[in-house]
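Small disclaimer: the values here were computed from a predicted structure and weren't measured.
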Amino acid sequence: MDKKKTVVLAADNNYAFQMMVAVDSLLSHVKNPLEYQLVLLVSSNFKNEYIDLLNNILHKYNAISPKFFFMDDTYSKVKIQLSHITQATFFRLALPEILSDIKKCIYLDVDILVQKSIDELFEIEMDNFYLAGVKAAGFYYPEEKTNKILKTLEIPSIDQYINAGVLIINLELMRKHNLKIRFDELIKKEYKNQDQDVLNAACYGKIKLLNPQYNLMTKYHPEDSQSYDKIPCLRYCYSKTEWEIACHEPVIIHFADVEKPWLDVSIGFADLWWKQAIQSNLSQFIMKMYLKELHERPVRKQEKLNTELANAKMKLQITYDEKAQRGRIIRQLQEEKKSITNKYVKQVQENRGLQEQLKQKESQINRIYASHSYKIGKIVTCFPRKVKLLIKKK
């Protein structure tokens, strides 16, 4: 049995401060920080100043120093499909090997905010499961989207598809069944939802479902009291009671959307995130990041618009080219049709000429036949009389 409760987070320099806020929120709510061992998977170029700040947070709670694992370039060439995701999201797939002496761990994305102790997550039985997580409601509706996911991942049902932001991971069972090999195979498929798709495809059939209060995703607007009635996919995953409990008593809030509280202070639960940032003594650093974002966002938006405009022009040009090509094909077909029509008309005319000739021949034959029939009839009529005359002469 593991001596410590292992919690894993992963980030590169782009999400260093978010990791710090997440760690601070975790340690500020657990009953005994000394029972926890934090494992931080960071990029190989992770800045020393960020390591010092993270150590200061743990020192503040008298917690055990974190274990840093500097990830090499294993996932650097993986194609990123989502704009708000970095390669660090794939670090968790290496956990069975990295934590070779650990049986079970909790994995947390860095865009989360812990609101209550997560001690009870370590009490959940995982003997026959690879993973435990909360259903990713957006993948359960509409049916067209669900069917597309099932076809892509080659799984029989969507009933176990979970969000990968909060996970209980049975590392021991994964090692036993060599799941790391399966992960590496599926990464090559370049799924749209990245490592989340990889985990759901590889672990299907051995995924345990958790209550949504352990991963309350802001993309479903839990701050809106009418969200359950407004958003159909929620009703496919959770009962109304489960959702309402999660909204009012979340254990973990997950900012699982493009919009993040450090970029937009108006989104749901952003006030809680900034309150935690201030408590962690990181607000001055994060405020600089926020102000920088305010300054750079219009530039990025303009760049995005320019890119979209260029893409639209390219698509329009392709459309024009395709239209021109279709026009050429249509004109060619029309010419062929005209040629075939002319040949047909000519053939019809020739057939009419032949029919006229045939009629003339038939008429001529009929006249000849009639003439000969008359002569033969006359001969036949006269023949008996001539025979009689011959007999008489004899």
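Side chain of T6 to main chain of L38: no donor-acceptor pair is present (N/O by atom type, distance under 3.5 Å, no hydrogens or angles). K208 contributes a side-chain N or O that, together with a main-chain N or O of E125, makes up a donor-acceptor pair within less than 3.5 Å. For S363 (side chain) and K359 (main-chain N/O), no donor-acceptor pair under 3.5 Å exists by modelled atom type. The backbone N or O of I162 lies less than 3.5 Å from a partner atom in the side chain of N200, making a donor-acceptor pair. One N or O on the side chain of N13 and one on the backbone of N45 form a donor-acceptor pair closer than 3.5 Å. For S25 (side chain) and V114 (main-chain N/O), a donor-acceptor pair under 3.5 Å exists by modelled atom type. When atom types are taken as modelled, the side chain of Y140 and the backbone of I158 share a donor-acceptor pair closer than 3.5 angstrom. At least one donor-acceptor pair under 3.5 Å links the side chain of N170 to the backbone N or O of L173. Within the 3.5 Å criterion, the main-chain N or O of L34 finds a donor-acceptor partner in the side chain of K4. The backbone N or O of L216 sits nowhere less than 3.5 Å from a side-chain atom of H254 that would complete a donor-acceptor pair.
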Practice problem: Give the intermediate values and the outcome of side-chain contact (heavy atoms from CB on, under 4.5 Å) for residues Q279 and V21. | Solution: CA-CA 9 Å; Q279 179 181 312; V21 175; over 6 Å; no
Practice problem: Tell me, with the steps shown, if K135 and D159 meet salt bridge (charged side-chain N to carboxylate O under 4.0 Å, His left out). | Solution: CA-CA 8 Å; K135 284 184 176 182; D159 61 344; over 6 Å; no
Exercise. Test side-chain contact (heavy atoms from CB on, under 4.5 Å) on V8 and L41 and set out the steps.
Key: CA-CA 7 Å; V8 182; L41 311 181; 3.9 Å; yes
Quiz item: Between L40 and M19, is a side-chain contact (heavy atoms from CB on, under 4.5 Å) present by the stated rule, with each step listed?
Solution: CA-CA 9 Å; L40 306 179; M19 175 187 274; 4.1 Å; yes
Self-check item: Worked verdict on K103 versus L171 for side-chain contact (heavy atoms from CB on, under 4.5 Å)
Solution: CA-CA 5 Å; K103 293 182 178 180; L171 300 169; over 6 Å; no
Exercise. Go through the steps to decide whether K180 and D184 satisfy the test salt bridge (charged side-chain N to carboxylate O under 4.0 Å, His left out), and finish with yes or no.
Key: CA-CA 6 Å; K180 178 62 168 58; D184 292 340; 3.1 Å; yes
Quiz prompt | Test side-chain hydrogen bond (donor to acceptor under 3.5 Å, both in side chains) applied to Q347 and N351, step by step | solution = CA-CA 6 Å; Q347 188 65 48; N351 288 343; 3.3 Å; yes
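Counting heavy atoms from C-beta outward, F255 and L113 have side chains that approach closer than 4.5 Å. Taking the side chain as every heavy atom from C-beta outward, V134 and L210 approach each other to under 4.5 Å. Put simply, the side chain of D12 does not reach to within 4.5 Å of the side chain of F46, judged on heavy atoms. H177 has its side chain within reach of Y130: a pair of non-hydrogen atoms, C-beta onward, lies under 4.5 Å apart. Counting only heavy atoms from C-beta outward, the side chains of E244 and K240 approach each other to under 4.5 Å. L167 is listed as a side-chain neighbour of L199, based on a closest heavy-atom distance under 4.5 Å. Within the 4.5 Å cutoff, the side chain of I253 has heavy atoms near those of the Q115 side chain. Considering only heavy atoms from C-beta on, Y214 stays 4.5 Å or farther from P250 through its side chain.
Hydrophobic cluster membership is shared by I124 and I118, with clusters built from Ile, Leu, Val, Met, Phe, Trp and Tyr side chains linked at under 4.5 angstrom. V265 and L272 fall within the same hydrophobic cluster, defined by Ile, Leu, Val, Met, Phe, Trp and Tyr side-chain heavy atoms under 4.5 Å apart, directly or through other members. Connection of Y15 to L263 is established within a shared hydrophobic cluster, with ILVMFWY side chains joined at heavy-atom distances below 4.5 Å, either directly or through further cluster members. In this structure, M174 is a member of the same hydrophobic cluster as I98, with clusters built from ILVMFWY side-chain heavy atoms closer than 4.5 Å. Hydrophobic clustering (ILVMFWY, side-chain heavy atoms < 4.5 Å, transitive): F68 and M20 are in one cluster.
Distance check, rounded to the nearest 0.5 Å: CE of M126 to NZ of K206 gives 10.5 Å. With rounding to the nearest 0.5 Å, the separation of CZ in F269 from SG in C247 is 6.5 Å. Considering CD1 of I112 and CG of L9, their distance stands at 6.5 Å, rounded to 0.5 Å. Note that CG of L153 and CD of Q196 are 10.0 Å apart. Values are rounded to the nearest 0.5 Å. Taking CD of Q276 as the start and OG of S280 as the end, the distance is 6.5 Å to the nearest 0.5 Å. Note that CD1 of I169 is 9.0 Å distant from CG of L99, once rounded to the nearest 0.5 Å.
Ionic pairing of D229 and R235 is not present here: no N-O contact between side-chain nitrogen and carboxylate oxygen is shorter than 4.0 angstrom. With respect to K116 and E249, a salt bridge is recorded, a charged nitrogen being found less than 4.0 Å from a carboxylate O. By the 4.0 Å N-to-carboxylate-O rule, E172 lies too far from R175 to be salt-bridged with it. Between K260 and D264 no salt bridge is recorded (no basic side-chain N to carboxylate O distance below 4.0 Å). Look at D109 and R92 and you find a salt bridge, because one of the NZ, NE, NH1 or NH2 atoms lies within 4.0 Å of a carboxylate O, short of that distance.
The minimum heavy-atom distance linking M217 with A256 is given by the pair CG-CB, 3.9 Å. Residue P66 comes nearest to N55 through the heavy atom pair CD-OD1, 3.3 Å, listed as atom of the first residue, atom of the second, then distance. Nearest heavy atom pair, residue S43 against residue F70, reads O-CD2, 3.7 Å. Heavy-atom minimum distance, L179 versus C203: CD2-SG, 3.6 Å. Across all non-hydrogen atoms, the minimal contact from F139 to N193 is CE2-ND2, 3.3 Å. Of all heavy-atom pairs spanning P261 and I267, the tightest one is N-CD1, 3.4 Å.
In this pair, Y236 and Y141 present their aromatic rings tilted. The plane angle is within the 30 to 60° band. Between W243 and Y220, the two ring planes are perpendicular [angle over 60°; tilted spans 30° to 60°].
Counting only N and O atoms by type, the side chains of Y161 and D197 include a donor and acceptor under 3.5 Å apart. Counted by atom type alone, Y228 and E242 present zero donor-acceptor pairs between their side chains at under 3.5 Å. In this structure, a donor-acceptor pair under 3.5 Å is present between the side chains of D24 and Y61.
The aromatic ring centres of F122 and Y36 sit less than 6.0 Å apart. Aromatic pair Y50/F17: ring centres closer than 6.0 Å.
More than 12 heavy atoms of other shown residues, nucleotides or ligands fall within 6.0 angstrom of atom CD in Q325. The neighbour count for K67 NZ, taken as heavy atoms of other residues, nucleotides or ligands under 6.0 Å away, does not exceed 12. Atom CG of N48 is surrounded by 12 or fewer heavy atoms from other residues, nucleotides or ligands within 6.0 Å. Counting heavy-atom neighbours within 6.0 Å of K189 NZ, excluding the residue itself, gives a total of 12 or less.
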